Each structure stands twice: as C-alpha cells, then as structure tokens.
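See structure below.
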Amino acid sequence: MEKIIQDIDILDRNSQEAMETVKTSKEENTGQKKKLYIESYGCQMNFADSEVVTSIMKDNGYDTTSDFETADVVFLNTCSIREKAEQTVRKRLSQFNKVKKEKPEMTIGVLGCMAERLKDKLLEEEKIVDVVVGPDAYRDLPKLVETAEDGLKAVNTFLSREETYADISPVRLNSNGVTAFVSIMRGCDNMCSFCVVPFTRGRERSRDPHSIINEAQELFDQGYREVTLLGQNVDSYKWSEDENNKAWLEKKEKKGEEVQVINFANLLEMVAKISPDLRVRFSTSHPKDITDEVLHTMKRYENICKYIHLPAQSGNSRVLDMMNRTYTREWYINRVDAIRDILGQECGISSDMIAGFCTETEDEHQDTLTLMDYVRYDFSYMFFYSERPGTLAAKKFEDDIPLDVKKKRLQEIINKQQALSLERNKLDIGQVQRVLIEGRSKRSDEQLQGRNSANKVVIFSRENYQKGQYVNVLIEECTTATLFGKVVS
Ligand code: SAH
Ligand code: SF4
Ligand code: F3S
C-alpha cells in the first residue's frame, strides 16, 4: 500500500503541473480527408484554445490524429511563460523537422504565445516552421495552411481587441466527458513586470455571457458535470449589452453614469443556476480584484466549488511592488481573511510563487515562507524567476539572483508547501465529502478517482460506481497530493 500511495503521489503532482505538461490530440475519424495533429503546452487557456483550433480545422476538412507521422498538418500550440517552456518546444520542432525531411508535404505550424512573441523570426531566421499564428488569428488558420502549401509565407500575429471566439463550439480533446474548460475572457491588462502574457495575448476582453451560458448548458446536456471558467484574471470580467469595450465601460463608471454590466459574480451565478448538478470552478483569481461579492456568491451556491487559486507570487510588499502586482502583503492577507470568514476553513486555497525575483533578499524570501504559513495553502505552483525578453522587469531590473540561490529558495518553498499540503489533507480525514467521479484511478482499474469541492483528488474502490456520478466518500487516509476513502451512502 505504501509503495502504491507514493507512486500515485508522484503521478498526481505531475498532472497538476499544468504549466509544464503537454497534451496531444487523439484519434478521431469522422471521414474527413485530411489529418491534423495538435500538441499543446502551457496553461489551461492554451489547452482550451487548441479545442477552438481543432473546431476551426474540423470545419475545413480535418480529423485529428494521435500520431504526428501520419498527419498532413502538425500544430504546436506553444507557451512562452518561462525560458524552459520555449526550449521544450524548440526540441520538439527539430524532431518534427526530421520527419518532414522524409515527408516534405507535411505542414508544420507554431501557434500560441511563442508564435506571438517571435513572429516571423521562426519562419525567416530559423526556417523551422511553415505557419506562424498568434492567439487572436486562429480563424485564419485554414487559409494560412493553404498559403503554406503553395510554398508562400504564412504568418498572422495580429492581436485583436474584440476576438473571443464566442461563436465557436470547441472540439473537446483529451476529454474525460465529465469536466471541461470554458474560456470567459482573453488577454491581460495587468502588466506584472515579470510576465510575458500581456505581450503574447494582448488586451483583456470579456466574452459574451450568453455564449458562455450556452456552452455550459450544452456541456451539461452532453453529460458533463463540471465546468471551469477560465481567464488570466476572472475577477475583472465585465460585459455590457450596450457596448462591450472595457475602456468605454470604465469611462462611464468614472462619470457615475448608469450602465448595466455583468460582472464576474453575476456570471458565476448565471452558470451555477444551469443545474445544481453542474459544478462550477474558475481560475485565475487576482488578489487585487477578488471581491466579497464573489465570495458571497460562492457561499450561496453549493455547486460553486469551494476552491480559489489566488496567486501571491511573493510574501514581501517591496518585491510585490517591483513585480507590479499592485497589492501588498497586508492586502493579500486581508483577502485570505475574507475567504476564511465567508467560506470557512474548508475552502481550498492555492497559489503561484516565484523564487528569486530581481533584488530579492534572503529576508524577503523568508516573508514568502511566512505568508505560506499564514495562509496554509493546499497546493502551489512554484517556479524560480526566469527573465523574459521584452517584459518590464527585463527592461528595468537586473536579473541578479544567482541560479543556485534561486534554486535553493525554490526548494525551501517546495518543502514548505509539501508540509502544508500534508497538514491540510490530514484535516480531511474522518470527513464525508461529495466527490464527482472523473474516471478510473491512474494506478488501478479497481479504483476510481474524482475531486472534492476543494479540488483535491480522492481515490476509492470502484464497485459499481460510474464516472460522472456524485458520491459521498468518507476520507480515511491521505498523502501530500491525494485523499483515499470509501463510499458511504
Ligand atoms: N494570470 C495568472 C498567472 C498566469 S502565468 C496570475 O496573475 O496569477 C502562471 C504563473 O507563472 C504566474 O502566476 C507566475 O507565478 C509564473 N510566471 C509568470 N512569469 C514568470 C517568469 N518570468 N518566471 C517565473 N515564473 C513566472
Ligand atoms: Fe501575467 Fe500578471 Fe496578467 Fe497574470 S495578471 S497573466 S501574471 S500580467
Ligand atoms: Fe504560457 Fe501563454 Fe498560457 S505564455 S502560460 S500559454 S497565456
């Protein structure tokens, strides 16, 4: 048992590392003429975009394949968030190019954030791809692929202020048929100094709530039981029937003029009302924007999961200021206190942390550790600082913390999180929790796995239970990453 638990731990931790994982398309045969292979890196939003891309390509004569060597078109939907992410993609591109030598008619395309960041450099200087398309230009993909097939340059990295792909019904890739992601906004206006996203994804814009509700309703009708609403900063979701333009809305609000707007709390409520059997999650919450109204809405609806991903990045106010996060340690703590006051201790809280940002001192790093102790995070994504060309930090500050110091600090953060995760998971032992079954456990066919409201993986014996069902599980054991229990009626 001990050995099995350890193995599951490692698997689960890896699968939660969404930022560093890759997802590939599966075989789908609907009798179309051509084959598309798509591989996706980066965040959940990028994975959601690949489902939009697949839908666009499907409407233009493509089925998906899980074997890139048999594909007519190979797409890599890429991430630029850290240097390592880009290195991985470059390695992959050289593997694809080896196959292309034998099969010159194959078209290779780079999509996503790295396409946006490097633009036609990938085509002209490096000559490793045929098509380069940024995150707002996916409607142009079929045409660009044709252009490339004619041997011409095919690039579109135009960033839009309006595009939300609202009308496109994503083709679910890697789906378990139970949980799905729904994009509610695109881009980011925050300009955190370390971050490349505002440059690769453009200005923030919110998607029409009617199309969001329709998509969630359709998912529910198809048997899905959980949707995760996605945006870089979901708390700044804002949409108006009159004119959906953020600058226009803000101007009106400043003047004190009446405008009917749908904010994130309103949207959450609209999705939650689809059915008490449809769970609603969301990511990512920005500490500067999360409101008590959102927390109260979460409390009112049992089906809105009690879990908040609230990235702190650092526990020190001076470092936070340099990061341009626009909140202090005290502000962050106030938001955590509000979560605990309104939603109680059971609400899961997770974070992203960056170790060794420019000029960070040892004492300031200690502030990150003490913040973690204060919050008692259930889980964190943890990174060391990786300078990204073109960002505010790259322009203004020296990347002056030596790599070994960054790594040492990161290790301390990881160790702290491991201890906190175990401590938090132990609190679940003895409780009966509602779990939505997502499928077989990765380790054993005799076990099923699902998640509790706080987003923790729960494993229990299969018996006759099916994925998509809700069960009440008595939690009996835990590791740092997983809970184990048995179904009780
Ligand atoms: N919109 C989300 C974050 C998206 S990027 C938010 O504001 O919280 C995901 C995470 O990657 C960030 O939270 C940050 O912790 C990390 N990250 C971003 N840029 C980075 C960089 N240059 N070096 C290291 N980590 C970085
Ligand atoms: Fe990047 Fe900050 Fe926007 Fe998150 S909020 S995507 S960290 S700029
Ligand atoms: Fe990466 Fe772009 Fe997402 S940089 S983390 S894929 S928004």
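One-based numbering, in listed order, for ligands and for the atoms of each. In this text, all values refer to a predicted model and were calculated from it rather than measured experimentally.
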**Request:** Work out whether the distance between some heavy atom of Arg201 and some atom of ligand 3 is less than 4.0 Å.
**Result:** yes
**Asked** Distance only, no hydrogens: is a donor on one side chain within 3.5 Å (strictly under) of an acceptor on the other, for Thr297 and Glu269?
**Response** no
**Item:** Close N or O approach (Gln313, ligand 1; < 3.5 Å)
**Value:** yes
**Request:** Classify the contact between Pro198 and ligand 2 as side chain, backbone, both or neither, using a heavy-atom distance cut-off of under 4.0 Å.
**Result:** side chain
**Part of Phe194 within contact of ligand 1 (heavy atoms, under 4.0 Å)** = both
**Prompt:** Starting from atom 1 (Fe) of ligand 2, which protein heavy atom do you reach first, and at what distance in Å?
**Reply:** Cys195 SG, 2.3 Å
**Asked** Which ligand 3 atoms does Cys113 reach within 4.0 Å, using its non-hydrogen atoms?
**Response** 2 (Fe), 4 (S), 6 (S), 7 (S)
**Request:** Please confirm if an N, O or S atom belonging to Cys79, backbone or side chain, lies less than 2.8 Å from atom 2 (Fe) of ligand 3.
**Result:** no
**Nitrogen or oxygen atoms of Asp352 and ligand 1 under 3.5 Å apart** = yes
**Request:** Tell me, please, if Cys43 has any N/O/S atom, main chain or side chain, under 2.8 Å from atom 3 (Fe) of ligand 3?
**Result:** yes
**Request:** Would you kindly say whether Asn156 and Arg139 are connected by a side-chain donor-acceptor distance under 3.5 Å?
**Result:** no
**Prompt:** Where does Ile81 meet ligand 1, judged by heavy-atom distances below 4.0 Å: at the side chain, the backbone, both, or neither?
**Reply:** both
**Prompt:** Without hydrogens or angle criteria, can the side chains of Asn190 and Lys288 be said to hold a donor-acceptor pair below 3.5 Å?
**Reply:** yes
**Request:** Answer with yes or no whether Thr284 contacts ligand 1, where contact means a heavy atom under 4.0 Å from a ligand atom.
**Result:** yes
**Request:** Report yes or no: does Phe384 have a heavy atom closer than 4.0 Å to ligand 1?
**Result:** yes
**Item:** Sub-4.0 Å atoms of ligand 2 with respect to non-hydrogen atoms of His286
**Value:** 5 (S)
**Message:** Do Gln232 and His286 pair up side chain to side chain, a donor and an acceptor below 3.5 Å, judged on atom types alone?
**Reply:** no
**Message:** Under 3.5 Å, is there a donor on one side chain and an acceptor on the other for Arg172 and Ser55?
**Reply:** no
**Item:** Ser193 side chain vs Met322 backbone, donor-acceptor pair below 3.5 Å
**Value:** yes
**Message:** Ser386 versus ligand 1: do any nitrogen or oxygen atoms come within less than 3.5 Å of each other?
**Reply:** yes
**Message:** Under a 3.5 Å cutoff, is there a donor and acceptor pairing between the side chains of Thr359 and Arg318?
**Reply:** yes
**Asked** Should the pair Arg117 and Phe199 be classed as cation-pi, given the thresholds of under 6.0 Å to the six-membered ring centre and 45° from the axis?
**Response** no
**Asked** Touching ligand 3 at all, Ser80? Heavy atoms, strictly under 4.0 Å?
**Response** yes
**Asked** Can Thr284 and His309 be counted as having a side-chain donor-acceptor contact under 3.5 angstrom?
**Response** no
**Asked** Salt bridge between Glu226 and Arg281, side-chain N to carboxylate O under 4.0 Å?
**Response** yes
**Item:** Any N, O or S atom of Cys188 closer than 2.8 Å to atom 3 (Fe) of ligand 2
**Value:** yes
**Asked** In ligand 2, which numbered atoms sit nearer than 4.0 Å to a non-hydrogen atom of Phe194?
**Response** 7 (S)
**Message:** Taking Ile56's backbone N and O only, do any of them form a donor-acceptor pair with Asn60's side chain (distance below 3.5 Å, no angle check)?
**Reply:** yes
**Asked** Does Ile354 come within less than 4.0 Å of ligand 1, judged by its heavy atoms?
**Response** yes
**Request:** Report, in ascending order of atom number, the atoms of ligand 1 lying under 4.0 Å from any heavy atom of Arg82.
**Result:** 11 (O), 16 (C), 17 (N), 23 (N), 24 (C), 25 (N), 26 (C)
**Message:** Under a 4.0 angstrom heavy-atom cut-off, which atoms of ligand 3 come close to Asn46?
**Reply:** 6 (S)
**Asked** If we ignore angles and hydrogens, is there a donor and acceptor under 3.5 Å between the side chains of Asn415 and Gln411?
**Response** yes
**Request:** Indicate yes or no: does Asp399 engage Lys406 in a salt bridge with an N to O separation below 4.0 Å.
**Result:** yes
**Request:** Determine, using heavy atoms of Gln232 and all atoms of ligand 3, whether some pair is separated by less than 4.0 Å.
**Result:** yes
**Message:** Check contact between Arg325 and ligand 2, using heavy atoms of the residue and a distance below 4.0 angstrom.
**Reply:** yes
**Taking atom 5 (S) of ligand 2 as the reference point, the nearest protein heavy atom with its distance** = Asn190 ND2, 3.4 Å
**Prompt:** If we ignore angles and hydrogens, is there a donor and acceptor under 3.5 Å between the side chains of Asn77 and Ser50?
**Reply:** yes
**Asked** Does a donor on one side chain sit under 3.5 Å from an acceptor on the other, for Thr480 and Ser421?
**Response** no
**Which residue and heavy atom of the protein sit nearest atom 8 (S) of ligand 2, plus the separation** = Cys192 N, 3.4 Å
**Arg388 neighbourhood, listing ligand 1 atoms whose heavy-atom distance to it stays under 4.0 Å** = 22 (N)
**Request:** Tell me which one of Arg201, Arg325, Gln232 gets a heavy atom nearest to atom 3 (C) of ligand 1.
**Result:** Gln232
**Item:** Where ligand 1 meets Pro311 - atom numbers and elements under 4.0 angstrom, heavy-atom basis
**Value:** 8 (O)
**Prompt:** Any donor and acceptor pair, going by atom type alone, linking the side chain of Arg409 with main-chain N or O of Phe384 inside 3.5 Å?
**Reply:** no
